[in-house]
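The first residue of the sequence shown is numbered 1, and numbering continues consecutively from there. All values derive from a computational prediction rather than experimental measurement.
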Amino acid sequence: MPCSNSCSESLGSNLFLLIFLLFLSGCGILESENEEGTKCYLSKIQFNQFDSLNFRTISGGKVYTLTQELTVDGESDITASFKFFYQQETIRIVDQLNPHPVNPYMAITLEGDRPTEVIRYFNSVGVVLIHEISYPQENRVRVDLTREASTGDVLYIGYSNYNFDDNGNVTRVQQFRANDDNPSEFTTIQDRFYTYDDKPNPQNELYLPFFA
């Protein structure tokens, strides 16, 4: 089954579901070296004067709800709203604007504190994206992406490598697309490097269910 344009876009953006989950560990702020750190939790990301993401947290910073709000001429409209349900080894994310009786918007499987699988359900079209997450070596995470169509056809799309420094920051992201005719052959479609300053980061370990 050939992969559509949306399938290619999924490899580019949805493979970032590795950083979509949602353990919101607050940043620590120190006024001086002798003071204890103060936890701070992300409450809003303001993209521009109109568009923002708003967070409600529970249990020491875990995201409870996330909403995207669009404000124009003083009037606000909720354009996306998600609610998070935690169990011991799973997290379910429900789209409150488009609830579905069977499948959530997203389901995450955990082993300890680490995600091992993220499933994104496109309920309106019956498509499922399956992200299998593995930890092949220290400071590296691999995400393999598979697409399951409403017909039951399964297509392996490719994988990404996320390389981290000793502080847990992503320093390099490599994405590889599988050959449709020979899934054992891959083409590099992205190779990016990242650098960081030493400022406190309120988005530490923040996982989002979509890209705004």
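For Asn182 and Asn179, the side-chain atoms include no donor-acceptor pair closer than 3.5 Å. For Tyr86 and Lys62, the side-chain atoms include no donor-acceptor pair closer than 3.5 Å.
Nearest heavy atom pair, residue Ser81 against residue Asp95, reads O-OD1, 3.4 Å. Closest approach of Leu110 to Pro115, counting heavy atoms only: CD2-CA, 3.7 Å. The nearest pair of heavy atoms linking Ala178 to Pro183 is CB-O, 3.9 Å.
Every ring pair (Phe, Tyr, Trp, His ring centres under 6.0 Å) that Phe186 has, sequence neighbours left out, goes to Tyr159. Among residues two or more places apart in sequence or in another chain, the side-chain contact (heavy atoms from CB on, under 4.5 Å) test is passed with Arg140 by Pro136, Gln137, Asn161, Asn163, Gln174. With sequence neighbours left out, Asn123 forms a side-chain contact (heavy atoms from CB on, under 4.5 Å) with His100, Asn103, Tyr121.
Note on Val63 and Phe47: same hydrophobic cluster, where clusters join Ile, Leu, Val, Met, Phe, Trp and Tyr whose side-chain heavy atoms are under 4.5 Å apart, directly or indirectly. Hydrophobic clustering (ILVMFWY, side-chain heavy atoms < 4.5 Å, transitive): Ile78 and Phe82 are in distinct clusters. Under the 4.5 Å side-chain heavy-atom criterion for grouping Ile, Leu, Val, Met, Phe, Trp and Tyr, Val143 is not connected to Phe193 through any hydrophobic cluster. Met106 and Phe85 are members of different hydrophobic clusters when ILVMFWY side chains are connected at heavy-atom separations under 4.5 Å.
By the 4.5 Å heavy-atom criterion applied to side chains, Tyr64 and Thr57 are not counted as neighbours. Contact of the Val94 side chain with the Tyr105 side chain is not registered, since no non-hydrogen atoms from C-beta on lie closer than 4.5 Å. In this structure, the side chains of Arg177 and Ile157 come closer than 4.5 Å at one or more pairs of heavy atoms.
Cation-pi geometry between Arg192 and Tyr194 is not satisfied (NZ or CZ under 6.0 Å from the ring centre, within 45° of the ring normal). A cation-pi geometry, defined here as NZ or CZ lying under 6.0 Å from the six-membered ring centre and within 45° of its normal, does not hold between Arg172 and Tyr162. With Phe84 as the aromatic partner, Arg92 does not meet the cation-pi criteria of under 6.0 angstrom to the ring centre and within 45 degrees of the ring axis.
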>> Between Asp51 and Gln68, does the side-chain contact (heavy atoms from CB on, under 4.5 Å) criterion hold? Intermediate values first, please.
In response: CA-CA 7 Å; Asp51 201 5; Gln68 185 170 14; 3.1 Å; yes
>> As a quick check of understanding, evaluate side-chain contact (heavy atoms from CB on, under 4.5 Å) for Val127 and Glu148, giving each step before the final call.
In response: CA-CA 6 Å; Val127 173; Glu148 183 175 332; over 6 Å; no
> Phe50 and Asp73: side-chain contact (heavy atoms from CB on, under 4.5 Å), yes or no, with the steps?
Replying inline: CA-CA 9 Å; Phe50 307 107; Asp73 295 332; over 6 Å; no
> Are Ser76 and Thr71 close enough, and set up right, to give a side chain to side chain donor-acceptor pair (under 3.5 Å), and what steps lead you there?
Replying inline: CA-CA 4 Å; Ser76 297; Thr71 303; 2.9 Å; yes
>> Could you walk me through whether Val170 and Val173 satisfy the side-chain contact (heavy atoms from CB on, under 4.5 Å) test, starting with their C-alpha distance in whole Å, then the side-chain angles of each, then the deciding distance to 0.1 Å, before giving a yes or no?
In response: CA-CA 7 Å; Val170 176; Val173 177; 3.5 Å; yes
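Heavy atoms of other residues, nucleotides or ligands lying less than 6.0 angstrom from CG of Asn48 number more than 12.
Rounding to the nearest 0.5 Å places CZ of Arg142 at 4.0 Å from CG of Asp144. Rounded to the nearest 0.5 angstrom, Leu129 CG and Thr146 OG1 are separated by 9.0 Å. Distance check: Asp166 CG to Glu138 CD gives 7.0 Å after rounding to the nearest 0.5 Å. Atom CG of Asp77 is separated from atom OG1 of Thr79 by 6.5 Å, given to the nearest 0.5 angstrom. Remark: Leu53 CG to Leu66 CG distance equals 5.5 Å, nearest 0.5 Å. For the atom pair Thr116 OG1 and Glu111 CD, the distance stands at 4.5 Å (nearest 0.5 Å).
Side chain of His131 to main chain of Val118: a donor-acceptor pair is present (N/O by atom type, distance under 3.5 Å, no hydrogens or angles).
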